[in-house]
2 protein chains.
Amino acid sequence: MAFASASACPHCRLAELCLPYGLHHEAVAQLATAVKSQRLLQADEYVYRQGGDGLYWYAVKSGSFRSFMADSDGFEQTVGFYLPGEIMGLDALQHGRFSCSVVALETAAVCEVPVARLQELCTEIPGLQMQMMRILGKEIASDHEQIVLLGHRSAKERVATFLLMLSRRYGALGFSGTAFNLSMRRQDIANFLGLTIETVSRQLADLNRQGIIRIRQRNVEISDLALLTLIVESCALWRSA
Amino acid sequence: MAFASASACPHCRLAELCLPYGLHHEAVAQLATAVKSQRLLQADEYVYRQGGDGLYWYAVKSGSFRSFMADSDGFEQTVGFYLPGEIMGLDALQHGRFSCSVVALETAAVCEVPVARLQELCTEIPGLQMQMMRILGKEIASDHEQIVLLGHRSAKERVATFLLMLSRRYGALGFSGTAFNLSMRRQDIANFLGLTIETVSRQLADLNRQGIIRIRQRNVEISDLALLTLIVESCALWRSA
DNA sequence: CGTGACTTTGATCAACTTCAAGCTACGTGG
DNA sequence: CCACGTAGCTTGAAGTTGATCAAAGTCACG
């Protein structure tokens with residue numbers, strides 16, 4: 001009966017995209033009892049820090065986030081962005097300490113779920129274990145995509161892929177897949193894609209000039225989704241003309 | 001009593017590095033019953049193929065492997081290498097289909113474990129679930145490292161990091177961390193590091209010339225581990241002179 | 001000894017970075 | 001309300017790194 005607020009899992013509009021996906025009604029209610037609390041965050045506020053105890057998973061309730069690793073010389077690499085319904089904190093599973101830091105890109109909210117409690121619940125809720133594995137599998141799959149992107153793609157392909165990735169994810173959330181606002185700075189995008197801000201800016205300007213997208217500051221509109229997809233798939237044809 | 005061969009988990013010299021790590025003696029015996037079979041592979045033989053049913057996890061018993069993804073235009077990206085004690089097949093957890101292919105780099109052997117059976121055993125073997133999560137966490141952590149590598153590092157740093165990574169992993173297996181044979185071709189290394197074979201070859205030649213390593217074909221000897229580590233940590237100082 | 005796969009080395013070239021300057025949006029205080 | 005300051009973004013020119021192209025060298029194996 002605890003946490004029977006309108007925002008708890010059974011009534012959460014993100015349930016089908018989040019941890020409860022595929023679980024029975026009662027199971028979802030049971031899962032909801034594990035959610036310790038919700039937490040509101042301002043832009044630039046940390047959800048957790050690299051090296052901290054990985055005791056919780058964090059489900060994105062609203063807003064968006066950036067995860068990044070700092071290496072020995074203090075240089076940061078953005079590892080991923082998180083949108084509502086996605087789970088953060090999986091990177092602590094190996095040793096119990098977060099290997100990334102995560103900050104909010106805008107005003108946002110997360111649901112904190114103790115990992116230990118989730119693991120206990122696995123024995124009680126059929127399908128939960130499967131679901132946790134699926135979430136981990138999704139993280140692995142998206143990391144692999146990122147590796148392919150960074151390994152072999154030109155600047156133009158990287159930027160196009162980035163826009164398509166956001167388009168797909170916003171679409172899955174029920175938002176427009178062709179018009180949205182970027183919650184991250186150019187610096188974050190560049191860093192994520194292994195490029196410099198200047199290169200990102202130029203590639204976006206090119207796509208704009210070609211009429212494939214319309215971009216003004218952080219506002220993006222994809223005018224020709226098919227063409228954008230083509231850029232990703234057939235590299236050589238689209239060298240900046 | 002099934003599979004009570006000398007190579008089954010309780011007697012396997014890799015147990016402490018593999019799935020059984022941290023489990024009680026009886027638990028290991030129980031786990032061993034889940035191992036469907038061992039499979040021997042020749043060089044270039046596939047363990048599994050991208051798109052195939054992800055019904056098994058594969059523990060590397062001996063030899064080494066390369067996993068790679070082919071994208072829409074048929075281009076391959078090497079995602080990782082696997083050494084004894086490591087688990088392959090985790091990339092199928094999301095949708096039940098492998099997102100990578102894995103081939104043996106040399107004569108090798110794997111233990112096949114049905115994922116479904118593993119999940120059942122989680123309720124019976126305390127700690128197994130935790131261990132599976134830890135293995136997934138390790139995969140995520142290593143993918144993140146790879147993302148950092150591909151995102152920001154110069155050719156020299158990438159090659160140095162690659163050598164150090166192998167050194168660490170061979171060391172953990174009880175082999176020499178300073179002298180080993182590369183089981184992969186230059187092409188595989190280059191592809192993994194997001195470089196060309198020529199660049200890899202030149203960087204290795206440079207390191208050789210500087211006396212930091214001694215390399216002849218696939219035989220590597222790391223003469224100055226500290227210096228190699230320094231290259232990775234303080235990039236700018238070591239531009240090829 | 002010869003063939004083919006793999007690797008090394010050299011010369012040239014292009015993509016992306018770096019450096020530098022100007023622009024836009026936005027918030028704050030006079 | 002506007003001027004000013006700052007953070008973020010764009011654009012241009014020059015510089016480097018690593019890619020590409022080309023050729024020769026090495027090794028394994030029949």
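Order of the sequence lines fixes the chain letters, A, B, ..., with proteins taken first and strands second; residue numbering starts at 1 for each chain.
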In whole Å, what is the span from the CG atom of A:Leu150 to the P atom of C:dC16? 13 Å

Under a 4.0 Å heavy-atom cut-off, which of residues 179-190 of chain A touch DNA chain C? none

Taking B:Ser223's backbone N and O only, do any of them form a donor-acceptor pair with B:Arg214's side chain (distance below 3.5 Å, no angle check)? no

Derivation and outcome, side-chain contact (heavy atoms from CB on, under 4.5 Å), residues B:Val47 and B:Val103: CA-CA 6 Å; B:Val47 181; B:Val103 297; over 6 Å; no

Ignoring hydrogens and angles, state whether a donor on the side chain of B:His144 or A:Asp143 is under 3.5 Å from an acceptor on the partner side chain. yes

Does D:dC9 have its OP1 or OP2 closer than 4.0 Å to a side-chain nitrogen or oxygen of A:Arg218? yes

Residues at least two apart in sequence or cross-chain that pass ring-ring contact (aromatic ring centres under 6.0 Å, His included) with A:Phe175, listed by chain then number, are none

Just checking, A:Arg66 and A:Phe68: is the charged tip under 6.0 Å from the six-membered ring centre and within 45° of the axis? yes

Interface polar pairs with nucleotides 18-25 of chain D, N/O, under 3.5 angstrom:
unit_1, atom_1, unit_2, atom_2, d
D:dG18, OP1, B:Ala155, N, 2.7
D:dA19, OP2, B:Thr196, N, 3.4
D:dA19, OP2, B:Thr196, OG1, 3.1
D:dA19, OP2, B:Thr199, OG1, 2.4
D:dT20, O4, B:Arg202, NH2, 3.0
D:dC21, N4, B:Glu198, OE2, 3.0

Is it true that B:Arg49 and B:Ser101 share a donor-acceptor pair across their side chains at a distance under 3.5 Å? no

Under a 3.5 Å threshold, yes or no: a donor from one side chain and an acceptor from the other, between B:Glu157 and B:Ser154? yes

Spacing between B:Asn191 atom CG and C:dC6 atom C1', to the nearest angstrom: 16 Å

Donor + acceptor pair across side chains of B:Asn191, A:His152 (<3.5 Å): yes

Between P on C:dT7 and CG on B:Leu204, what's the gap in Å once rounded to a whole number? 10 Å

For DNA chain C, whose closest nucleotide is more 5', that of B:Ile197 or that of A:Arg216? B:Ile197

